[in-house]
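What follows is one structure encoded as structure tokens, with my remarks underneath.
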Amino acid sequence: MKFNFHVSPNLKGKQTTQHIMRDLTIGLLVIFLCACIYYGLNYGMRYVLQLFLLLACSLLTTLVCEAIYAKILKIDIKTFLKNSFGWVTAIILTMMCPISITPFALIIATIFAIVIGRLLFGGFGQNIFNPAAVGRAVIFAAFAGATTDLVTSATPTATIASNYHWLPATPEVFDSFLSEYGGFWNLFLGNYPGAIGETFTLAILVVGIFLIVRHVIDWRVPVMYLGTIIVMTAIIALVSGIESYNGIPALLWYPALHLVTGGIVFGAVFMLTDPVTNPTSAAGRVFFAMGAAILTVLLRMKANLPEGCLYSILLMNMFTPMIESAMDGNQLKIAKKVWITFACFCVLALGVSFFAGSSVEPVRELNTSSSATNGATAFEMPTIQEEVSL
């Protein structure tokens with residue numbers, strides 16, 4: 001039997017893995033700097049020291065775990081650490097957590113993220129699930145009450161989910177929500193407590209554009225993810241009868257509200273774009289992003305959890321092999337199948353939007369008792385709400 005092999009022409013890009021991870025690290029540290037500035041100006045130096053303590057704990061834990069792994073496999077430790085890029089996972093995981101999380105909880109979560117999320121599958125490039133998302137899920141499930149004595153206020157995500165059902169339907173109700181956090185512009189800038197790195201929507205978008213221009217991340221993933229969420233929430237606003245706000249149609253302000261609360265933008269730029277755990281083909285990444293967006297909106301509107309990005313990422317990671325298999329082959333020959341699949345995802349998104357918009361009761365009247373509670377100042381609330389994060 002004779003086998004014939006035909007070597008395809010290949011194009012080699014200028015970007016290397018080291019360069020990609022360097023730019024990604026710089027982008028993450030820019031967001032971390034924003035967190036330091038915010039907490040330093042609004043809460044004091046003690047909070048800034050807490051930020052550095054948490055980051056140091058996660059980085060050191062990552063270093064120890066990977067060094068032990070390399071030692072067991074008799075791999076040169078220095079070379080392994082240099083090419084594993086574990087520090088990226090550590091930084092992302094730290095910035096997904098609230099500042100009030102205990103260092104012990106973050107250390108345990110880092111161990112799960114690095115050992116279970118990465119090393120168990122063979123290390124960098126072979127993991128199935130996003131490691132940082134695995135670590136954050138551990139904190140969410142096992143350490144929800146593990147907080148320090150740092151004092152912060154209730155977060156927008158927890159407030160709008162519990163008191164407004166994600167549907168503030170009138171200008172008066174929406175004004176009541178915005179007044180608790182200094183207005184929409186404050187939400188956009190990130191001038192409120194939450195997960196350490198997820199609140200700074202404007203800064204994350206700027207960093208995201210930088211990473212796209214540098215070809216560090218694929219633009220299709222954040223654009224399709226955020227775009228699908230915008231379209232779905234606009235349909236929900238239309239179906240549920242949400243009113244205009246200061247002359248701005250609900251089709252505009254309601255999707256924007258979803259983008260500036262919680263970890264959607266952070267997840268779109270730093271989590272969903274992970275090249276290891278999402279499909280390799282362009283079409284596959286589009287479907288991966290659309291699926292994550294559909295799950296995010298569904299979980300936000302109908303689940304008991306106020307956020308949906310974290311679990312949408314982990315769920316879509318499970319579907320990555322199936323998407324890869326479905327999109328395998330000559331891209332020109334499977335073009336028809338790609339468009340049919342795209343149409344199916346659009347129909348699914350439309351169905352979920354109508355279901356959520358018609359089954360969730362919009363809030364049209366103010367609850368004075370809830371508003372009084374949530375309107376407390378930053379130093380009157382005992383702890384930060386854990387649910388804000390991805």
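Predicted model, so just to flag it, every value in this text is computed and none were measured. Along the sequence shown, the residues carry numbers beginning at 1.
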Give the minimum heavy-atom separation between [X] and [Y], together with the two atoms involved.
{"X": "Ala169", "Y": "Arg364", "answer": "CB-NH1, 3.6 Å"}
{"X": "Ile323", "Y": "Gly284", "answer": "CG2-CA, 3.6 Å"}
{"X": "Ile92", "Y": "Ala132", "answer": "CG2-CB, 3.6 Å"}
{"X": "Asn130", "Y": "Met271", "answer": "ND2-O, 3.2 Å"}
{"X": "Pro131", "Y": "Thr89", "answer": "CB-CG2, 3.7 Å"}
{"X": "Pro255", "Y": "Ile230", "answer": "CG-O, 3.6 Å"}

### Task
Please list, chain by chain and in numerical order, all residues satisfying side-chain contact (heavy atoms from CB on, under 4.5 Å) with Leu29, sequence neighbours excluded.
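Only Thr25, Ile91 meet the side-chain contact (heavy atoms from CB on, under 4.5 Å) criterion with Leu29.
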Straight-line distance of [X] [atom1] to [Y] [atom2], nearest 0.5 Å:
{"X": "Arg118", "Y": "Thr62", "atom1": "CZ", "atom2": "OG1", "result": "8.0 Å"}
{"X": "Thr61", "Y": "Ile114", "atom1": "OG1", "atom2": "CD1", "result": "9.0 Å"}
{"X": "Arg220", "Y": "Asn278", "atom1": "CZ", "atom2": "CG", "result": "11.5 Å"}
{"X": "Asn83", "Y": "Ile75", "atom1": "CG", "atom2": "CD1", "result": "10.5 Å"}
{"X": "Leu63", "Y": "Ser84", "atom1": "CG", "atom2": "OG", "result": "9.0 Å"}
{"X": "Phe266", "Y": "Leu310", "atom1": "CZ", "atom2": "CG", "result": "11.5 Å"}

### Message
Does Cys97 form a side-chain contact (heavy atoms from CB on, under 4.5 Å) with Leu54? I'd like the steps, not just the answer.
### Response
CA-CA 9 Å; Cys97 298; Leu54 292 174; 5.9 Å; no
same_hphob_cluster([X], [Y]) at 4.5 Å side-chain heavy-atom cutoff:
{"X": "Leu53", "Y": "Leu33", "result": "no"}
{"X": "Leu49", "Y": "Leu51", "result": "yes"}
{"X": "Met232", "Y": "Leu348", "result": "yes"}
{"X": "Val260", "Y": "Ile209", "result": "no"}
{"X": "Leu252", "Y": "Val265", "result": "yes"}

### Verdict with supporting geometry, Phe177 and Leu257, side-chain contact (heavy atoms from CB on, under 4.5 Å)
CA-CA 11 Å; Phe177 168 73; Leu257 173 64; 3.7 Å; yes
State, yes or no, whether a side-chain contact exists between [X] and [Y] at a heavy-atom distance under 4.5 Å.
{"X": "Trp166", "Y": "Ile236", "value": "no"}
{"X": "Asp274", "Y": "Ile313", "value": "no"}
{"X": "Leu24", "Y": "Met21", "value": "yes"}
{"X": "Ile264", "Y": "Arg300", "value": "yes"}
{"X": "Tyr47", "Y": "Ile99", "value": "yes"}
{"X": "Thr341", "Y": "Lys337", "value": "yes"}
{"X": "Phe270", "Y": "Val207", "value": "yes"}
{"X": "Tyr192", "Y": "Glu180", "value": "no"}

For the ring pair [X] and [Y], is the centre-to-centre distance below 6.0 Å?
{"X": "Phe288", "Y": "Phe345", "result": "no"}
{"X": "Trp87", "Y": "Phe85", "result": "yes"}
{"X": "Trp253", "Y": "Phe174", "result": "yes"}

### Query
Ile108 and Phe104: side-chain contact (heavy atoms from CB on, under 4.5 Å), yes or no, with the steps?
CA-CA 6 Å; Ile108 298 300; Phe104 173 76; 3.9 Å; yes
### Query
Is there a donor-acceptor pair closer than 3.5 Å between any side-chain N or O of Ser325 and the backbone N or O of Pro321?
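A pair under 3.5 Å: no.
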### Task
Take Thr277 and Phe129 through the side-chain contact (heavy atoms from CB on, under 4.5 Å) test and state the conclusion after the steps.
CA-CA 6 Å; Thr277 56; Phe129 297 100; 5.6 Å; no
### Query
Does a donor on one side chain and an acceptor on the other come within less than 3.5 Å for Thr159 and Tyr181?
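A donor-acceptor contact under 3.5 Å links the two side chains.
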### Query
Strictly by modelled atom types, are Tyr225 and Thr296 linked by a side-chain donor-acceptor pair under 3.5 Å?
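Yes - a donor-acceptor pair under 3.5 Å links their side chains.
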Could you check whether atom [atom1] of [X] has more than 12 heavy atoms from other residues, nucleotides or ligands sitting under 6.0 Å from it?
{"X": "Phe354", "atom1": "CZ", "result": "no"}
{"X": "Phe32", "atom1": "CZ", "result": "yes"}
{"X": "Phe319", "atom1": "CZ", "result": "no"}

### Task
Check the angle between the aromatic planes of Tyr254 and His258 and answer parallel, tilted or perpendicular using the 30° and 60° thresholds.
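Correct class here is perpendicular.
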#### Entry: Aromatic plane relationship, Trp339 with Phe342 - under 30° parallel, 30 to 60° tilted, over 60° perpendicular
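Rings of Phe342 and Trp339: perpendicular, over 60°.
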